[in-house]
Amino acid sequence: MTVVTRFAPSPTGFLHIGGARTALFNWLYARHTGGTYLLRIEDTDRQRSTDAAVDAILDGLSWLGLDWDGDAVSQFGRKDRHAEVAQQMLAAGRAYHCYASPEELEEMRAAQKAAGQPVRYDGRWRDRDPSEAPEGVKPVIRLKAPQEGETVLKDHVQGEVRVQNAQLDDLILLRADGTPTYLLAVVVDDHDMGVTHVIRGDDHLTNTFRQIQIYNAMGWDLPEFGHIPLIHGPDGAKLSKRHGALGVDAYRDMGYLPEAIRNYLLRLGWAHGDDEIISTEQAVDWFNLEGIGRSPSRFDFAKLENLNAHYMRQADDTRLVGLAAPRLEAELGRALTESERELLTRAMNGLKQRARTVVDLAQSARFYVAARPLPMDEKAAALLDGKGRGVLTDLAARFEAEADFTAAALEALVRAFAEERGEKLGKIAQPLRAALTGSTVSPPIFEVAELLGRAETLARMKDAATAARG
């Protein structure tokens with residue numbers, strides 16, 4: 001059997017981080033088995049579905065690197081096929097017309113609630129002759145669901161789950177206006193697209209029992225199912241807006257790398273021993289449905305940041321410059337020059353060692369391309385007192401005379417300078433750091449000086465000393 005999985009989001013908003021994990025699991029299982037991964041946009045809710053939401057989903061999946069096979073399918077575009085299947089069940093006696101009015105159904109539900117009974121359709125048109133139908137009422141088509149026995153689901157994640165058929169009512173297949181319901185459309189699409197494995201959130205578990213009954217009514221083979229526990233927030237409640245960013249686009253804006261998101265989401269509900277850092281290549285090689293846990297996972301931003309920091313250190317320097325540049329340009333209010341991009345590329349190895357996100361990276365890189373005189377933060381400015389200014393003035397003369405303007409040579413020079421004065425290295429290096437970066441925290445300061453070059457380094461040292469006097 002060739003495995004066929006699918007991701008089937010509703011385009012009513014951005015790509016939720018939980019949906020991204022579902023997409024990842026489907027993508028990984030298809031890639032692991034050499035199968036096919038399909039994308040279906042479940043846009044039958046025409047009032048809530050928008051083109052902008054479709055674009056956001058496609059953009060989010062592309063950014064995550066979860067490429068789908070073939071073209072994305074629109075569920076709404078297949079509505080005639082869905083209606084055709086409903087008519088087939090009607091003709092085979094597996095479905096029936098229901099002429100109950102909305103008012104009738106509302107009265108039925110109210111009576112059930114008042115009696116403390118479960119609210120479900122009571123089958124009032126299940127065995128009635130259509131000749132009794134009231135005039136001018138357009139009927140819906142309902143599934144004639146089994147009323148006795150039980151429906152059994154053998155789930156890759158949840159194990160064997162059983163539901164008494166008496167608890168499931170005759171669901172609507174086709175509305176009075178001829179449009180299909182979600183439950184029908186999903187089954188028809190999965191069958192027609194040859195889906196062999198349905199991997200989705202366990203909030204769909206109730207739907208699955210109803211969908212199994214549609215499969216059975218049509219005499220179709222069931223796909224295999226795997227229902228994944230939902231992601232919870234740090235407080236143990238279902239992940240919601242109050243827990244922070246939910247859309248994949250928001251995580252991109254916060255400066256996370258797609259490979260870090262993939263790794264984090266993989267470990268958020270799936271395990272391979274004690275491995276925490278799992279490359280995409282390893283994930284494709286190792287992924288199976290048996291590794292999915294039954295308990296909900298808690299989203300932890302601290303863990304995500306630590307993982308992202310790892311992938312930042314591994315990332316290509318040119319790529320990181322490309323990611324940080326738009327943020328820097330927005331802050332500077334101008335485009336970076338080619339020489340500034342080259343400088344940042346050479347500086348990137350030192351910068352990325354401390355950055356947890358691309359946002360951090362852009363902030364820490366700003367001093368390299370900031371206009372003189374360099375702005376100073378409060379701690380840096382405090383270092384440039386009378387003693388600090390004197391250190392910079394004397395040190396600038398030594399730097400100007402130094403023939404070998406490299407990090408190693410400059411470090412040796414400063415160490416010798418500190419010994420002459422009977423000072424610790426930090427007492428000399430920290431005013432220098434403040435002058436060159438405007439901060440007390442930076443990549444190794446001698447590396448910074450070499451990257452800035454003699455002219456820019458001396459200019460910044462003199463600026464700092466002069467500004468402090470003023």
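Numbers for residues simply follow the sequence, beginning at 1.
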Inset, instruction - Using distance alone, with no hydrogens and no angle criterion, decide if Trp286 and Asp275 have a side-chain donor and acceptor under 3.5 Å apart. - result: no

Legend entry - Leu436 backbone acceptor or donor facing Arg460 side chain under 3.5 Å: yes

Inset, instruction - Work out which heavy atom in Leu304 is nearest to a heavy atom in Ala260; give both atom names and the distance. - result: CD1-O, 4.3 Å

Inset, instruction - Examine the side chains of Asn308 and Thr357 and answer whether a donor and an acceptor come within less than 3.5 Å of each other. - result: no

Inset, instruction - Ignoring hydrogens and angles, tell me if any N or O in the side chain of His82 forms a donor-acceptor pair with the backbone of Pro180 under 3.5 Å. - result: no

Legend entry - Met89 side, atom CE; Leu184 side, atom CG - distance, nearest 0.5 Å: 5.0 Å

Legend entry - Under 3.5 Å donor-acceptor, Arg21 side chain and Leu265 backbone: no

Inset, instruction - Decide, yes or no, whether a salt bridge links Glu107 with Arg124 under the criterion of side-chain N to carboxylate O below 4.0 Å. - result: no

Legend entry - Any side-chain donor near an acceptor of the partner, Thr337 and Ser339, under 3.5 Å: yes

Legend entry - Gly291 backbone acceptor or donor facing Asn288 side chain under 3.5 Å: yes

Legend entry - Check: Asn263/Glu259 side-chain N/O donor and acceptor closer than 3.5 Å: no

Inset, instruction - Examine Tyr29 together with Tyr37 and report whether their ring centres are nearer than 6.0 Å. - result: no

Inset, instruction - State yes or no: are the ring centers of Tyr182 and Phe76 separated by less than 6.0 Å? - result: no

Inset, instruction - Determine, for Asp192 against Arg78, whether the closest basic-nitrogen to carboxylate-oxygen distance falls under 4.0 angstrom. - result: yes

Legend entry - Test: Arg31 and Asp285 ion pair at under 4.0 Å: no

Legend entry - CG on Leu61 to CZ on Phe7, rounded to 0.5 Å: 6.0 Å

Legend entry - Over 12 non-hydrogen atoms of neighbours within 6.0 angstrom of CG in Asp51: no

Inset, instruction - Give, for atom CE of Met1 and atom OG1 of Thr33, the distance between the pair rounded to the nearest 0.5 Å. - result: 8.0 Å

Inset, instruction - Look at Lys379 together with Asp377 and state whether they make a salt bridge at an N to O cut-off of under 4.0 Å. - result: no

Inset, instruction - Considering only NZ, NE, NH1 and NH2 on the basic side and carboxylate oxygens on the acidic side, decide whether Lys138 and Asp177 come within less than 4.0 Å. - result: no

Legend entry - Heavy-atom pair of closest approach, residues Asp155 and His227: OD2-ND1, 2.6 Å

Legend entry - Residues Lys144, Asp170: salt bridge by 4.0 Å N-O rule: no

Inset, instruction - Answer with yes or no after comparing the ring centroid distance for Phe225 and His156 against a 6.0 Å cut-off, counting only values under it. - result: no

Legend entry - Polar side chain donor-acceptor pair, Ser74 to Arg40, under 3.5 angstrom: no

Inset, instruction - Classify the side-chain pair Arg433/Ser442 by whether it contains a donor and acceptor separated by less than 3.5 Å. - result: yes

Inset, instruction - Starting from the C-alpha separation in whole Å, work towards a yes-or-no answer on ring-ring contact (aromatic ring centres under 6.0 Å, His included) for Tyr251 and Phe299. - result: CA-CA 13 Å; Tyr251 291 88; Phe299 200 95; 5.8 Å; yes

Inset, instruction - Verify salt bridge (Lys or Arg N to Asp or Glu O under 4.0 Å) between Glu329 and Arg341, making sure each step is shown before the conclusion. - result: CA-CA 11 Å; Glu329 290 173 338; Arg341 284 178 175 268; 3.5 Å; yes

Inset, instruction - Look up atom CZ in Arg262 and atom OG1 in Thr280, then write down how far apart they are to the nearest 0.5 Å. - result: 3.5 Å

Legend entry - Shortest non-hydrogen contact from Glu150 toward Gln164: OE1-NE2, 3.1 Å

Inset, instruction - Inspect the surroundings of CZ in Arg210 and state if more than 12 heavy atoms from other residues, nucleotides or ligands are less than 6.0 Å away. - result: yes

Inset, instruction - Please tell me if the side chains of Val152 and Phe209 come closer than 4.5 Å, counting only heavy atoms from C-beta onward. - result: no

Inset, instruction - Mark yes or no for whether Tyr311, through its side chain, and Tyr256, through its backbone, hold a donor-acceptor pair below 3.5 Å. - result: no

Inset, instruction - Give a yes or no on whether a salt bridge exists between Asp360 and Arg354, defined as a side-chain N under 4.0 angstrom from a carboxylate O. - result: no

Inset, instruction - Measure from the side-chain N and O atoms of Arg120 to the backbone N and O of Gln167, and report whether any donor-acceptor pair falls under 3.5 Å. - result: yes

Legend entry - Within 6.0 Å of CD in Glu132, more than 12 heavy atoms from elsewhere: yes

Inset, instruction - Taking Thr196 for its side chain and Val4 for its backbone only, find out whether a donor-acceptor pair lies under 3.5 Å. - result: yes

Inset, instruction - Check Ile292 against Pro229 and note the closest heavy-atom contact, atom names and distance. - result: CG2-CD, 4.5 Å

Legend entry - side chain to side chain contact (heavy atoms under 4.5 Å, CB included) between Leu143 and Ile172, worked out: CA-CA 6 Å; Leu143 175 71; Ile172 295 175; over 6 Å; no

Inset, instruction - Would you check if the distance from the ring center of Phe287 to the ring center of Phe25 is below 6.0 Å? - result: yes

Inset, instruction - Apply side chain to side chain contact (heavy atoms under 4.5 Å, CB included) to Leu64 and Trp27, showing your working. - result: CA-CA 11 Å; Leu64 283 171; Trp27 182 86; over 6 Å; no

Legend entry - Gap separating the CZ atom of Arg6 from the CG atom of Asp189, nearest 0.5 angstrom: 9.0 Å

Legend entry - Side chain Gln353, main chain Gly350, donor-acceptor under 3.5 Å: no

Inset, instruction - Considering only NZ, NE, NH1 and NH2 on the basic side and carboxylate oxygens on the acidic side, decide whether Lys154 and Glu224 come within less than 4.0 Å. - result: no

Legend entry - Nearest atoms (heavy-atom pairs only) where Leu173 meets Arg142: CD1-C, 4.1 Å

Inset, instruction - Using a strict cut-off of less than 4.0 Å between a Lys/Arg side-chain nitrogen and an Asp/Glu carboxylate oxygen, indicate whether Arg334 and Glu340 qualify as a salt bridge. - result: yes

Legend entry - Electrostatic pair Arg126:Asp169 at N-O distance under 4.0 angstrom: no

Legend entry - Candidate pair Phe301 and Met254, rule side chain to side chain contact (heavy atoms under 4.5 Å, CB included), full reasoning: CA-CA 11 Å; Phe301 271 103; Met254 288 188 289; 4.1 Å; yes

Legend entry - Side-chain (Ser10) to main-chain (Thr12) donor-acceptor, under 3.5 angstrom: no

Inset, instruction - Identify the heavy atoms of Ala362 and Arg327 that sit nearest to each other, and give their distance. - result: CB-CB, 3.9 Å

Legend entry - Interatomic distance, Leu266 atom CG to Ile277 atom CD1 [nearest 0.5 angstrom]: 12.5 Å

Inset, instruction - Indicate yes or no for a side-chain donor-acceptor contact from Thr437 to the backbone of Ala434 under 3.5 Å, with no hydrogens or angles considered. - result: no

Legend entry - Residue pair Thr151 / Asn165, side-chain donor-acceptor N/O under 3.5 Å: yes

Legend entry - Beyond-backbone contact of Leu174 with Thr181, side-chain heavy atoms, under 4.5 angstrom: no

Legend entry - Asp221 atom CG, neighbour heavy-atom count above 12 within 6.0 Å: no

Inset, instruction - Give a yes or no on whether Glu290 atom CD has more than 12 heavy-atom contacts from other residues, nucleotides or ligands under 6.0 Å away. - result: yes

Legend entry - Centroid separation Tyr99 to Trp125 less than 6.0 Å: yes

Legend entry - Check ion pair Arg109-Glu106 (N to O, under 4.0 angstrom): yes

Inset, instruction - Test Gln211 against Val186 for side chain to side chain contact (heavy atoms under 4.5 Å, CB included), laying out the working first. - result: CA-CA 8 Å; Gln211 290 166 355; Val186 168; 3.8 Å; yes

